Amino acid sequence: MSSSTRITKAVIPAAGLGTRFLPATKAMPKEMLPVVDEPAIQYVVAEAARAGLSDVLMVTGRSKRALEDHFDRVPSLEATLAEKGDTEKLRRIQQATALGDIHYIRQGDPRGLGHAVLCAKLHVGNEPFAVLLGDDLIDERDELLRTMIDVQQRTGGSVIAVMEVEPEAISAYGAADVEEVEGEDYVRVKKLVEKPAPEEAPSNLAVIGRYVLHPAVFEVLERTAPGRGNEIQLTDALEELATRDGEGGGVYAVVFRGRRYDTGDKLSYIKAVVTLACDRGDLGPELRPWLKSFVAGLD
Ligand code: UTP
């Protein structure tokens, strides 16, 4: 395999328990929560498609039916909309089913993100691939994934995305200790720490939910013991690759300065829905003035 193998595969882990969003996620994956009028996962699959990743493997867990059904065609619904002449809704529902080739694999027991990625080993094979977390949205007006793919092709290693956060917020993320690479727009990762206490964090660079990985990660994950939270952590495997020389070694980070929306916890989810709805042509003009008067009436 050469480092310039074209990257066509995306793995989207969506098998987590979503405990921060209970009871909404009792019978439905959190990735199916609507962000305005599309489930979060559809934004993520659309982002993969825009980056040229036409082969998507979704890692699903319990209540996976809703996810699979969402990306399946429903001929009777399409026929009804066509009969009514509701071409706009027809177009919107067909968007979800035209995003590429979606495959599903089951993660029977949610043993962590690292384990979810390992479930993709057979499907991915020996080529670099992208991982997009199903509850993390990147604004389509901001570029990230294509840049990461480009950095993977140039370095031959693995690539993560990081964002600067307030120092006290780092304990909700993996934190990256990085060094500059002369003349490059990416940095090299020296060390990763999963959810550190702010005083122990090596930086305020938080790892966000986009990765472009060398397949060497699978062999490392296979022998990665459960770490923090008794889960097999992707961060632990990447930490090993970061210090490895030669084939498959090296982890690099792209510092993302665009708009990202976390839909995995309640407060961030509400902010994401309000922000995206304000930007929408069909909702923003009415929502913005209403929000202003609502806010003025608070307190
Ligand atoms: P999170 O840690 O945010 O997901 O995982 P979670 O465990 O579902 O959420 P909480 O903390 O209980 O509320 C990040 C991503 O990895 C997936 C999740 O679905 C989410 O997209 N994941 C996590 C898996 O696919 N399998 C796992 O075992 C764990």
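Remember, it's 1-based here, ligands and their atoms both numbered in the order they're listed. Quantities reported herein were computed from a predicted structural model and do not represent experimental measurements.
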In chain-and-number order, ligand 1 lies under 4.0 Å from a heavy atom of each of P13, A14, A15, G16, L17, G18, T19, R20, K30, E31, Q107, P110, R111, G112, L113, A116, L133, G134, D135
Applied to residues 18-35, the side-chain hydrogen bond (donor to acceptor under 3.5 Å, both in side chains) test, sequence neighbours excluded, yields K30-D135
Start with the C-alpha gap between Y269 and F21, add the side-chain angles, then the distance that decides, and say whether ring-ring contact (aromatic ring centres under 6.0 Å, His included) holds. CA-CA 10 Å; Y269 170 81; F21 236 118; 5.2 Å; yes
| Under-4.0 Å salt bridge between R244 and E219 | yes
In short, ring pair (Phe, Tyr, Trp, His ring centres under 6.0 Å) pairs touching residues 276-299 with sequence neighbours left out are W290-F294
Atom pairs and distances, donor-acceptor, side-chain atoms in residues 70-78, under 3.5 Å, two or more places apart:
from, atom 1, to, atom 2, distance (Å)
H70, NE2, Q42, OE1, 2.7
R73, NE, E78, OE2, 3.1
R73, NH2, E78, OE1, 2.8
E78, OE1, Q94, NE2, 3.2

Test item: side-chain donor near acceptor, D109 and H115, under 3.5 Å
no
